[in-house]
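Okay, so here's the structure we're looking at.
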Amino acid sequence: MKPRKPTLSVAKQKSASPPAGPGFETNILRLVKGAHESSAIKSGQVDAILDPVSGRAILLPDAQAALLERKARFRSLIELASDGFWEQDEHYRFVLHNGVAIGNEPSKKESILGKTLWELPFSNSHEIDWPTYQRQLEWRAVFRDMEFQYLDSAGQLRIISLSGEPFFDLQAQFKGYRGITRDITAHKLAVTAAPESDRFARLTLDGLAAQVCVLDASGVIITANNAWRAFAASRDGMGIGTGVTEGGNYLTACGQTLGHDQVDAIAMVAGIRQVINGERQLFRYEYFTAGAARWFMATVTHLNEASVARAIVSYEDITDIKRTEQLLRLEYDVTRILVNANNTSVALKAVMRAIGETQQWDCGRYFRLDPAAEVFYLDESWSVPAPAVLQFLQKSRGAVSHPRAGLMGRVCESGQPLWVVNGTQDARASQIALTHETGLDGAFIFPVVAESQVIGVLAFASRIVREPDERLLQTVKHIGEQLGQFFHRQRAENILRQSEVRFRRLTELSSDWIWEQDRDFRFTKVAGDIRNTGHVLGQFLWDPSAQVVLAESAWIQLKSQLAERWSFCDFEYAVMHKDGRLGYYYISGEPVYDETGAFIGYCGTGLDITQRKRAEIVSRDIE
Amino acid sequence: MRRKKTLAKSLGSRLTAALVMRLYVANSAPNSLLAIANLQIICDEFLQDNFKLEIVDVLEEPLRALADGILVTPSLAKLAPSPIAKIVGNLSDKSSVMRALGIRG
């Protein structure tokens, strides 16, 4: 800004009279002799009179007040428009400056006074065309907004701007330059940073994997990132809002979406409008595009910039997340099925159904490997209720396959899953893919493994078998191992069950009854021929009501053994029968512990030895 | 500071010779500014380009004003053509100013 009349106050102070006091007007009128002048003074049309004695102009009070006010206003404006002002002599040396510093001045010794602009240590001195600047000064040209940089005493970069104009004395002699200083550090840094900020924002936007665009209030795409443009170029009619990018109206494009995606498009348009209108700050919508077989999460957020309503729309491909969720759920379902199952056939059907429905496969069969016969037998199957598939399954009942032939043979040998995306191109898949009968031309086969041995294969056939990803392979491997463990456990349980049956039968053959006691040695279970033993549930062996005949010392010895949790064998005792004769018995037992190792009682067997004992007594009596 | 405003103008239609004037003001005091504004209106309306005007700030050149016989400001001196004339005040009386300058409206 070019300063206006900076010497006004100086001239006034030199020429104007002291402030008006009592009798001032009278003195003024005394100086003015002319009638016109007196009349003008009285009518208030005069600003100053000239005193012939002193040769000075004397301001009248009103004019003086007006000029002071104008001066104050001018100073205020100068202060508003600048951060300091300065003055140089005719040799361009600073003679006055105040306000913002011009260069680093840590002390008076290093003051800029007496120095020219080019003598000051500005950090950008080398960038300034000093010869041209000095030539302009010689031409007395006005200069504006010359920028200088320096480090202040705190080491911070300061950027100042100087503007100046020449001034002259009454004889039109050049007296120097004067002007203003502005601190433009913040402005310059902001200006410098702004393009970098824009570039950074652009790079960030383009670096996002999600497809992002910004819509104006009418739905026109103002800007979009690279991912959006790439997706718009590639979707070719698939999904919501086909192929629209900058300049296109996204809401219109969404409105034109047809087919399976139409409902999703309508929902998206409604959500975007709500966000643009400020009815909600965030709208999220998850949908599946059948055409691209992909899941997307759409997010619309409100962008209110300078009262202009806008919306940011982003699409994120969440197919992998959804697939992972789906497969995790499948693994969980299979685990739950196998944990709760006690029937192999039911469990197999349920597992195949869970896999088939999750992967949208049409048919599943389990082939059990008979290692002795070296053949695969079709053990169990599941399918969607399609007549052709059901008919095929019916026909394949009783089918057998060699474990070293075809796809199943390869799976058996490698222990790894195999898949056929198009079964018609692979003759080995003829038994797996059901092309001829059903039109299903894809197959997926994976092994069921127990203790590192393939014990069977699960073969699925479908129209939509795709190249499996790593996650699916991981899942089927896990399921194959789970099934193998399940079969192994089932087999072990069967063996154990059979073993228990055999043991029970042997026990029954070698004893007359079996018994169990609680931790207090009361009978809780007695099974077998106990009619004459006197044993009653809830009673001790040595209960008086049992009519047991035995020396007290023998009972004490038995009780001490029980207290020590010892096993005992063939403890002999006698019971008085109702006919007054004694019956003789052996009883054997061992302590029982629960899974935590806590003692829970005794169990054992009993044997009736009455006949043998009586025979021995008779024989002894004879002797 | 010397404040000299000289407008060299060509002949107008109503005057055969250029009107030469000198206006004495006290910087930008109210009556001085008013006098400049009033004179500008008259010049624009009646003189068009046919005048020369010099403005003298008496706060800067008081001796010159005294030498010209000026006692108060604002004052307007008509220097040519003859007869010379002097008008004191803020020139708000338009008809008096025009009469003193020899302008017929």
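Per chain, numbering begins at 1; letters A, B, ... match sequence-line order.
- Scanning all heavy atoms of the two residues, the minimum distance from B:Pro62 to A:Ala57 falls at CB-N, 4.0 Å.
- Heavy-atom minimum distance, A:Leu50 versus B:Ala65: CD1-CB, 3.4 Å.
- Within a 6.0 Å radius of CZ in B:Arg22, other residues, nucleotides and ligands contribute more than 12 heavy atoms.
- Heavy atoms of other residues, nucleotides or ligands lying less than 6.0 angstrom from CG of A:Asp89 number more than 12.
- For the residue pair B:Pro30 and A:Ala63, the shortest heavy atom distance occurs at CD-CA, 4.0 Å.
- Of the inter-residue distances, the one linking B:Thr73 atom OG1 with A:Leu59 atom CG reads 7.5 Å to the nearest 0.5 angstrom.
- A donor-acceptor pair under 3.5 Å is formed between the side chain of A:Asp47 and the backbone N or O of B:Asn31.
- Of the two parts of B:Leu91, only the backbone, made up of N, CA, C and O, holds a non-hydrogen atom closer than 4.5 Å to a non-hydrogen atom of chain A.
- Taking the side-chain hydrogen bond (donor to acceptor under 3.5 Å, both in side chains) definition, one finds that B:Ser75 meets it with nothing, sequence neighbours left out.
- In terms of heavy-atom proximity, A:His36 sits nearest to B:Val88 at O-CG1, 4.2 Å.
- For A:Ser54, the side-chain hydrogen bond (donor to acceptor under 3.5 Å, both in side chains) partners at least two apart in sequence or on another chain are A:Asp51.
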(request) Start with the C-alpha gap between A:Leu67 and B:Leu59, add the side-chain angles, then the distance that decides, and say whether side chain to side chain contact (heavy atoms under 4.5 Å, CB included) holds. (result) CA-CA 12 Å; A:Leu67 287 177; B:Leu59 296 183; 4.2 Å; yes

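- Taken from CG in B:Asn27 to CD in A:Gln64, the straight-line distance is 12.5 Å, to the nearest 0.5 Å.
- The heavy-atom pair separating A:Arg70 from B:Ser28 by the smallest distance is CD-OG, 3.2 Å.
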